Amino acid sequence: MHAADSQWMAQALQLAAQGLNTTTPNPRVGCVLVKDGKIIGEGWHRRAGEPHAEVHALRAAGKQSRGATAYVTLEPCSHHGRTPPCADALIEEGVVRVVCAMQDPNPQVAGRGIARLRAAGIAVESGLMEAAARELNVGFVSRMTRGLPWMRSKIAASLDGRTALANGASQWISGADARQDVQHWRARSCAVLTGIGTVLADDPQLNVRIATERQPLRVVLDSALRMSPAARMLQDGKVLVCTASQDAEKRAALEQRGAEVLLLANAAGQVDLHAVLRELARRGINEVMVEAGRNLNGALLQAGLVDELVLYLAPQLLGDAARGMADLGELLRLEQRVELAWRDVRRVGTDLRITAEVKHV
């Protein structure tokens with residue numbers, strides 16, 4: 001690695017982040033072309049079906065590409081998808097060195113792009129700023145390696161961990177700045193998932209209310225199809241209702257409002273949570289944001305399906321009678337606890353935002 005490599009890769013990562021809300025189901029990728037210590041072309045992948053980051057950078061550089069070094073946040077692809085292989089484009093344009101942050105976890109690529117570049121005589125180095133690149137594509141990596149999207153649960157609570165009063169009143173525990181911050185998490189998510197309890201109690205829309213090119217899929221877990229066809233969520237956009245009910249009349253009523261109803265039942269007559277996540281992955285969903293109550297939060301945590309928590313803690317106390325974050329049942333041994341690893345802590349307006357990764361055993 002050269003001394004300036006980190007500088008150029010950091011620039012490529014910044015470019016990749018511009019596709020945070022738009023590239024799904026594809027990964028977020030940035031590319032910088034450098035020659036004689038200067039950037040001659042740069043680009044980032046905007047959305048599926050459009051040119052990849054390398055192609056944008058090569059087009060910007062034109063004939064200057066010959067003899068250049070390419071800094072790419074993800075291994076250049078080697079297969080024909082909706083666009084031609086980027087490895088071939090780099091070879092054809094005379095790039096002599098490629099530095100990529102990480103190998104592509106996609107089994108269709110998985111080292112083949114690097115191998116193709118090396119076979120063409122191009123020097124290739126991988127692993128520079130890999131942690132940052134993985135973080136940027138945490139959902140894509142999860143879907144490719146585990147067959148599951150990255151599940152991020154957002155919870156707004158008081159300092160003593162209460163999300164609502166005993167009577168269900170919860171608006172608003174978090175402040176206006178925190179609620180605005182949530183919109184950015186929603187915007188980067190491919191899907192927002194909730195339970196029927198939240199739908200019946202709050203009648204939420206769960207859409208993105210900041211400028212965005214794409215609204216996430218709304219997913220409702222509704223075992224008995226109690227969702228009303230008049231629910232606000234059904235007024236706009238796509239909604240997927242996952243159920244264990246075979247009630248044809250209720251199903252038809254929701255479908256007439258534009259919802260897709262999917263039967264995913266387990267042996268207990270409830271929605272099969274693992275099956276829901278596998279189905280979302282099959283549909284190309286990389287990141288899922290959970291906005292639900294204590295029952296669904298608890299069920300997902302107990303099933304080992306939550307990967308990350310985004311907690312907004314308000315400077316207030318609601319007392320022991322108020323509702324908690326997640327119903328985990330009674331734990332009899334400390335070994336049953338959900339362990340977390342702190343990722344980030346910061347002030348958002350009047351609230352404290354904590355992001356923590358769930359430690360999977």
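Here, residue 1 is the first one in the sequence, and each next residue gets the next number. All of these numbers come straight from a predicted model, not from anything done at the bench.
- The hydrophobic cluster containing Leu240 also contains Leu264, counting ILVMFWY residues as joined when their side-chain heavy atoms lie under 4.5 angstrom apart, directly or transitively.
- Put simply, CZ on Arg294 and CD1 on Ile155 are 12.5 Å apart, with the number rounded to the nearest 0.5 Å.
- Residue Leu117 comes nearest to Ala87 through the heavy atom pair CD2-O, 3.6 Å, listed as atom of the first residue, atom of the second, then distance.
- Residue pairs meeting the side chain to side chain donor-acceptor pair (under 3.5 Å) criterion with at least one partner in residues 240-269, sequence neighbours excluded, are Arg251-Glu255, Glu260-Arg283.
- Proximity of Pro315 to Leu159: side-chain heavy atoms (C-beta onward) are nowhere separated by under 4.5 Å.
- For the pair Gly175 and Thr350, the tightest heavy-atom approach, listed with the atom from each and the gap, is CA-OG1, 4.4 Å.
- Not a single donor-acceptor pair under 3.5 Å links the side chain of Arg323 to the backbone N or O of Thr163.
- Checking side-chain atoms of Arg134 against main-chain N and O of Val141 turns up no donor-acceptor pair under 3.5 Å.
- Residues satisfying the salt bridge (Lys or Arg N to Asp or Glu O under 4.0 Å) criterion with Arg186, sequence neighbours excluded, are Glu291.
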- Task: Before giving the answer on side chain to side chain contact (heavy atoms under 4.5 Å, CB included), spell out for Leu58 and Val95 the whole-Å C-alpha distance, their side-chain angles and the decisive distance to 0.1 Å.
- Result: CA-CA 9 Å; Leu58 289 168; Val95 170; 4.1 Å; yes

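- With sequence neighbours left out, Gln103 forms a side chain to side chain donor-acceptor pair (under 3.5 Å) with no residue at all.
- Closest of all the heavy-atom pairs between Leu234 and Ser228 is CD1-O, 3.7 Å.
- Ile354 contributes atom CD1, which lies 11.5 Å from atom OH of Tyr312 (distance to the nearest 0.5 angstrom).
- In this structure, Ser189 OG and Lys154 NZ are separated by 11.5 Å, a value rounded to the nearest 0.5 Å.
- Counting all heavy atoms, side chain and backbone alike, Cys100 lies closest to Val124 at SG-CG1, 4.5 Å.
- In this structure Glu92 satisfies the salt bridge (Lys or Arg N to Asp or Glu O under 4.0 Å) test with no other residue, sequence neighbours excluded.
- Hydrophobic cluster membership of Val208, counting Ile, Leu, Val, Met, Phe, Trp and Tyr whose side-chain heavy atoms lie under 4.5 Å apart directly or via other members: Ile210.
- By the salt bridge (Lys or Arg N to Asp or Glu O under 4.0 Å) test, Arg146 pairs with Asp307, sequence neighbours left out.
- Side chains of Arg188 and Met289 form no contact here, defined as non-hydrogen atoms less than 4.5 Å apart.
- At least one donor-acceptor pair closer than 3.5 Å links the side chain of Arg179 to the backbone N or O of Ser174.
- Panel note: side chain Thr73, backbone Gly30; a donor-acceptor pair is recorded below 3.5 Å.
- Residues Leu300 and Ser153 are not in side-chain contact: their nearest non-hydrogen atoms beyond the backbone lie 4.5 Å or more apart.
- The main-chain N or O of Gly293 is found under 3.5 Å from a side-chain atom of Asn297 such that the two form a donor-acceptor pair.
- Under a 4.5 Å side-chain heavy-atom cut-off, the cluster of Ile, Leu, Val, Met, Phe, Trp and Tyr residues that includes Met144 is completed by Phe140.
- In summary, Arg112 and Glu75 do not engage in a salt bridge, as defined by a charged side-chain N under 4.0 Å from a carboxylate O.
- What you find for Arg28 and Leu136 is that their closest heavy atoms are NH1-O, 2.8 Å.
- Residue Leu221 is tested with Thr194, Asp272, Val271 for a side chain to side chain contact (heavy atoms under 4.5 Å, CB included); the sole match is Val271.
- Residues Arg143 and Pro25 form a side-chain contact, since some pair of their non-hydrogen atoms from C-beta on lies under 4.5 Å apart.
- When all heavy atoms of Ile173 and Ala314 are compared, the closest pair comes out as O-CB, 3.3 Å.
- The shortest side-chain heavy-atom distance between Asp177 and Asp351 does not fall under the 4.5 Å cut-off.
- With Gln336 contributing its side chain and Leu331 its backbone, the two residues share no donor-acceptor pair below 3.5 Å.
- Under 3.5 Å, the side chains of Ser158 and Gln316 contain no donor-acceptor pair of N or O atoms.
- Side-chain atoms of Arg232 come within 3.5 Å of backbone atoms of Asp203 as a donor-acceptor pair (strictly under, hydrogens ignored).
- Pairs passing the side chain to side chain donor-acceptor pair (under 3.5 Å) check and including a residue from residues 30-42, sequence neighbours excluded, read Gln11-Glu42.
- Checking Thr212 against Asn21 by side-chain atom types alone, no donor-acceptor pair falls below 3.5 Å.
- More than 12 heavy-atom neighbours from other residues, nucleotides or ligands sit within 6.0 angstrom of CG on Asp344.
- Within the structure, side chain to side chain donor-acceptor pair (under 3.5 Å) pairs that include any residue of residues 53-68 comprise Arg46-His56 (at least two apart or interchain).
- Considering only residues two or more places apart in sequence or on other chains, Thr198 meets the side chain to side chain donor-acceptor pair (under 3.5 Å) condition with none of them.
- Scored by the side chain to side chain donor-acceptor pair (under 3.5 Å) test, Arg353 finds Asp181 as partners (sequence neighbours excluded).
- Between Trp8 and Tyr71, the two ring planes are tilted [angle within 30° to 60°].
- Not counting sequence neighbours, the partners of Arg152 by the salt bridge (Lys or Arg N to Asp or Glu O under 4.0 Å) test are Glu287, Glu308.
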